Amino acid sequence: MKNYIFKSILIIFISIFSIAGPFYSYINTNNYSDFEFINLEAGTSNHKGIANLKNEINYLDRFFLKIFFTLYKSPYQSGEYVVKNKSLIEIQNDFISGNILINELTIIPGMNIYEINNLIDNTSLINDCINLKCLDNSFSFYEGTIFPDTYFYKKGMLVSKLLQESSTNLENFIKNLYKNKPKNNPLSSIEDVLILASIIEKEAGTEDEKDLIASVFLKRLEIGMRLQADPTIIYGLLPNFDGDIKTSDIKNKDNIFNTYVINKLPPTPIAVVNKKSIEAAVLNIPGEYLYFVANNKGDHYFSKSYDEHLEAVKLYQIK
């Protein structure tokens, strides 16, 4: 009788160990999933979450999975996960710990509202902020009222949750900086600051020349000269701009952003701006230069007179 019990116990142990080795090898094997990502909806069961990783499994896999589901019953956290090249146990641990994929949304300086809409629409964010109209701030416009930055999010987040804080930070930054505006800087409001900063952002070839470009536009505003900035024409033609500014576009009085025909700043910013562009608009004063032209070196040549400017245009622009 004792021998029988002993043999039975021995057989059980041998059976367990004969299964345990392959089982632990199975759950620790990489490349379990055929997918790169998987999204677990709220309330997803252990069985459904793991079973979705492969469409077809063989009898042995199915046998090991039954053991796996029996041993590992911790609840899963919903979200999007990276499962490519991970073992079954690594995936399981991610599901339990909530090691959810963190995505990035990068808004770069100079982007306009149309580009931002398109960028958001190509993410897994929920766009509840079309044309940035979800933003709560004191500006009379929405364009340009967020900081360019890299924002981190999980799949299914509302984009408004990312952008509202940015908009608040932008407004506070301008208000605090505006206190240091020189008396002979002709800008009369923080809205004017943001509008001019957006033109500086689009015109500047480098960060270093933003102060000089600001001084040109501030000088033009001081003497009542039109800003004559090509990016404002382009913005007024969006979203259907074909890439070519025509003579008719320069003379177009129906384009309310066209600073070749209006005698003031355009009604809204034309892009998002970085802090340097805002600082350039606020902290500078009208300078000695009235004109600038791209010099084919990545920045601009600045001129004090129109005749000098014409010579620079011949040198750098006319072939």
Side-chain angles (χ1 to χ4, degrees), residues 104-113 115-116 119-120 128-129 131-153 157-223 227 229 231-232 235 257 259 264-289 299:
E104 295 183 3
L105 172 72
T106 300
I107 297 175
I108 62 175
M111 272 189 168
N112 60 53
I113 209 164
E115 293 168 326
I116 293 172
L119 181 67
I120 295 170
D128 63 334
C129 200
N131 295 331
L132 303 180
K133 290 185 177 180
C134 70
L135 300 179
D136 181 18
N137 54 49
S138 64
F139 296 109
S140 62
F141 44 72
Y142 296 102
E143 175 69 273
T145 58
I146 57 173
F147 272 126
D149 203 348
T150 296
Y151 301 88
F152 300 95
Y153 69 92
M157 277 185 62
L158 299 176
V159 72
S160 58
K161 290 187 176 181
L162 295 181
L163 301 184
Q164 181 56 59
E165 182 178 359
S166 176
S167 183
T168 301
N169 291 340
L170 174 73
E171 185 172 4
N172 290 337
F173 177 76
I174 297 178
K175 285 181 177 178
N176 289 330
L177 191 66
Y178 193 76
K179 298 172 185 177
N180 301 314
K181 184 177 74 71
K183 290 183 179 180
N184 52 340
N185 179 311
L187 300 179
S188 59
S189 69
I190 64 170
E191 290 197 341
D192 285 353
V193 167
L194 199 51
I195 293 170
L196 181 59
S198 72
I199 299 174
I200 296 168
E201 187 72 61
K202 297 297 289 186
E203 287 279 19
T206 67
E207 293 292 291
D208 291 339
E209 69 172 358
K210 284 183 175 180
D211 288 323
L212 203 51
I213 287 178
S215 73
V216 171
F217 287 130
L218 291 170
K219 181 67 173 179
R220 291 182 182 182
L221 288 171
E222 181 186 52
I223 65 176
L227 295 185
T232 63
Y235 185 81
F257 288 88
T259 53
K264 55 184 179 179
L265 290 165
T268 78
I270 60 173
V272 295
V273 302
N274 63 16
K275 289 183 178 181
K276 176 59 182 175
S277 294
I278 298 172
E279 291 168 345
V282 174
L283 301 180
N284 281 286
I285 60 175
E288 58 181 340
Y289 296 108
D299 50 11

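None of the values given here were measured: they were computed from a predicted structure.
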4.5 Å side-chain heavy-atom contact, [X] and [Y]:
X	Y	result
Y151	E104	no
S138	K175	yes
L221	L187	yes
V272	P109	no
L135	L132	yes
F152	L105	no

Side-chain donor-acceptor pair under 3.5 Å between [X] and [Y], yes or no?
X	Y	value
E143	Y235	yes
N169	S166	no
E191	S140	yes
E207	N274	yes

Inter-residue atom distance [X].[atom1] - [Y].[atom2], 0.5 Å rounding:
X	Y	atom1	atom2	answer
D136	L163	CG	CG	13.5 Å
F139	S167	CZ	OG	7.0 Å
L170	L194	CG	CG	5.5 Å
S160	D128	OG	CG	3.5 Å
L196	L218	CG	CG	5.5 Å
L177	I190	CG	CD1	11.0 Å

Exceeds 12 heavy-atom contacts within 6.0 angstrom, atom CD of E165:
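For E165, atom CD is not crowded (no more than 12 foreign heavy atoms under 6.0 Å).
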Please test Y153 against K161 for side-chain contact (heavy atoms from CB on, under 4.5 Å), starting from the C-alpha separation and ending with a verdict.
CA-CA 9 Å; Y153 69 92; K161 290 187 176 181; over 6 Å; no
Check against side-chain contact (heavy atoms from CB on, under 4.5 Å), N112 and I270
CA-CA 6 Å; N112 60 53; I270 60 173; over 6 Å; no
Closest heavy-atom contact between [X] and [Y]?
X	Y	value
D192	S188	OD2-OG, 2.9 Å
I285	P182	CG2-CB, 3.6 Å
G110	A271	O-CB, 3.4 Å

Would you find a donor on one side and an acceptor on the other, under 3.5 Å apart, between the side chain of [X] and the backbone of [Y]?
X	Y	result
D211	E279	no
K133	Y142	no
N284	S215	no

Measure from NZ or CZ of K219 to the centre of the six-membered ring of Y289 and say whether it is under 6.0 Å with the direction within 45° of the ring axis.
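Checked: cation-pi criterion not met.
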Which residues satisfy the salt bridge (charged side-chain N to carboxylate O under 4.0 Å, His left out) test with K181, sequence neighbours excluded?
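Not a single residue meets the salt bridge (charged side-chain N to carboxylate O under 4.0 Å, His left out) criterion with K181.
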Can you check side-chain contact (heavy atoms from CB on, under 4.5 Å) on N180 and V282, steps first, answer last?
CA-CA 8 Å; N180 301 314; V282 174; 5.6 Å; no
